[in-house]
There are 2 protein chains.
Amino acid sequence: MTLFWAKGYHATSLKDLEAALNMKPGSIYAAFHSKEALFRATLDRYAGRMTAEMQAMIQSSPSPLAALQRHLEGLSELTPCSRPSTACMLVKSLLEVPQDGDLRSFITAHLDRVEQVIGAALRAAQAKGELPPSVDTARLARRVQTYIFGLKVQAQRETDPQRMHDLCQDLAAEIGRLPQSSSTEGSQSETAGT
Amino acid sequence: MTLFWAKGYHATSLKDLEAALNMKPGSIYAAFHSKEALFRATLDRYAGRMTAEMQAMIQSSPSPLAALQRHLEGLSELTPCSRPSTACMLVKSLLEVPQDGDLRSFITAHLDRVEQVIGAALRAAQAKGELPPSVDTARLARRVQTYIFGLKVQAQRETDPQRMHDLCQDLAAEIGRLPQSSSTEGSQSETAGT
DNA sequence: GATTATTTTGAGCGATCGTTCAAATTACAT
DNA sequence: ATGTAATTTGAACGATCGCTCAAAATAATC
């Protein structure tokens, strides 16, 4: 997973995998069926850990909204050293994989699941009165996910930590501003009927 | 450029390029020195067009801020058919290329230039009184760019157009909300001294 | 039109790609 | 200890990778 995450699917060769897994080609193909199947398995593992980490973070906090905020702020501490890549493996793979194909839908399915987790957190926040009942949580979830995507891409530019910190603060503040402001009131009505 | 944009660097083979350019390998290596050099040239072309398009869009409008808003809203019409890829070629390449290397810094340099263009638009908006003098335009520029990154990644998931439209509206509305709200007032002071 | 410079050609280079499979090894059951 | 099943090994496969270069074709110059 580390290899695929850091180097991407194409740039990771079986030679690399043999060394990392300490397995000869035959064993690899006995355990997994192909390089692509192994890649899928790593995507599963990555997505599983990501969603688990996210859910744990949310459930550990009394305020789901604050948890999401802290998560965004925490993205400022993405150093190229600690993780294989500061970018999201799912996003990296999404952009690398062919436009239409099994792998693409496989990845989008995982992204949908992550979005659902964010949506659940927002619904919980709504239930606790942190958010007005009028907000479209599914729509807001996608927006929060979009923030995360953007931030993790920016983290790849490894500029000075201060700017990254400021950026995360700004986007986290967006979420914090949601409770008091009727932020989506105007456009919300567009989808109110559906 | 179309090929690299759509398929990425690694997935584009010289066979593909020979067919697209209608050139034999020898001619390609006479014109460009290597596959990587050709890739760099396409990145130059892409970034050049992107910045030009962005500047034209800004200068054609009396309100730079409204132009940026319209740009974000326009991202909802990113169809997988019209362009080689709905994703930004620079972002795609940034995520594909090795962590440290010439290519990486080459790409980030281009991203910096795009960010500068956005920053210039914001400064122009500030000069016209569309933005309070207190806002850190450089910092805001990065935030706008982060929105664009996130949106173009989301566009890769080709879900129903309505949701994409809503998402773009939401992020464009963020920009629209900047003039009246002292949005960055609290965190702004953190970098005010530098 | 002859001569020189430039460009294009495409076969083919060594390397590496993902993958296979018969043989060797290890683990397990009796 | 013996036989059987499961696993690992690593050489080698065909295909493709990015790339080279002598020869052929074309363009430019006088």
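Letters A, B, ... are given to chains in the order of the sequence lines, protein chains preceding strands, and every chain is numbered from 1. The basis for the numbers below is simple: all heavy atoms, side chains too, and nothing from hydrogens, waters or symmetry mates.
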**Message:** Does any part of the side chain of B:Leu167, heavy atoms only, come nearer than 4.5 Å to the side chain of A:Arg139, both counted from C-beta?
**Reply:** no
**Request:** Write down the distance between NE2 (B:His10) and C1' (C:dT16), rounded to a whole number of angstrom.
**Result:** 13 Å
**Request:** For DNA chain C, find the residues of residues 92-104 of chain B with a heavy-atom distance under 4.0 Å and give them by number; none if there aren't any.
**Result:** none
**Request:** Verify the distance criterion only: is there a donor paired with an acceptor across the side chains of B:Arg142 and A:Thr159 at less than 3.5 Å?
**Result:** yes
Got a list of side-chain donor-acceptor pairs under 3.5 Å for residues 67-78 of chain A, not counting sequence neighbours?
residue: A:Gln69; atom: NE2; partner: A:Ala172; partner atom: O; Å: 3.2
residue: A:Arg70; atom: NH2; partner: A:Ser61; partner atom: OG; Å: 3.3
residue: A:Ser76; atom: OG; partner: A:Glu73; partner atom: O; Å: 2.8

**Request:** Starting at atom CG of B:Leu21, determine the distance to atom C1' of C:dT9, rounded to an integer number of angstrom.
**Result:** 15 Å
**Asked** How close or far is atom P of C:dT19 from atom CZ of A:Phe32, stated in whole angstroms?
**Response** 13 Å
**Asked** C:dC17 P sits how many Å from A:Lys15 NZ, rounded?
**Response** 6 Å
**Message:** Within the 3.5 Å criterion, strictly below it, is a donor on B:Glu130 or B:Ser63 matched to an acceptor on the partner's side chain?
**Reply:** yes
**Message:** Looking only at side-chain N and O atoms, does A:Asp166 offer a donor or acceptor that is under 3.5 Å from a partner on A:Gln162?
**Reply:** yes
**Prompt:** Taking side chain as C-beta onward, heavy atoms only, is B:Met54 less than 4.5 Å from B:Ile148?
**Reply:** yes
**Message:** For DNA chain D, report each stem as range with range, ordered by first number, or say none. Use Watson-Crick or G-U wobble pairs under 3.5 Å, at least 3 in a row.
**Reply:** C:2-29 with D:2-29
**Donor-acceptor under 3.5 Å (B:Glu96 side chain, A:Gly8 main chain)** = no
**Prompt:** Are there more than 12 heavy atoms of other residues, nucleotides or ligands under 6.0 Å from atom CG of A:Asn22?
**Reply:** no
**Request:** Could you tell me whether the side chain of B:Tyr46 reaches within less than 4.5 Å of the side chain of B:His110, counting heavy atoms only?
**Result:** no
**Message:** Short of 4.0 Å, heavy atom to strand atom, which residues of residues 22-29 of chain B count as contacting DNA chain C?
**Reply:** B:Lys24, B:Pro25, B:Gly26, B:Ser27
**Request:** Could you check how far NZ of A:Lys35 sits from C1' of C:dT16, rounded to whole Å?
**Result:** 12 Å
**Prompt:** Would you say the side-chain atoms of B:Arg123 and B:Gln126 include a donor-acceptor pair closer than 3.5 Å?
**Reply:** no
**Message:** Can you give me the first and the last nucleotide of DNA chain D (5' to 3') that has an atom within less than 4.0 angstrom of a non-hydrogen atom in chain B?
**Reply:** D:dC17 to D:dC21
**Message:** With no hydrogens and no angle check, just 3.5 Å: does a side-chain donor-acceptor pair link A:Thr79 and A:Ser82?
**Reply:** yes
**Request:** Only pairs at least two apart or in different chains count here, so list each salt bridge (Lys or Arg N to Asp or Glu O under 4.0 Å) that has a residue in residues 34-47 of chain A.
**Result:** A:Glu36-A:Arg40
**Asked** Once you round it to whole Å, what is the distance between P of C:dC17 and CG of A:Leu17?
**Response** 10 Å
**Request:** Would you please indicate if the ring centroids of B:Phe39 and B:Phe32 are separated by under 6.0 Å?
**Result:** no
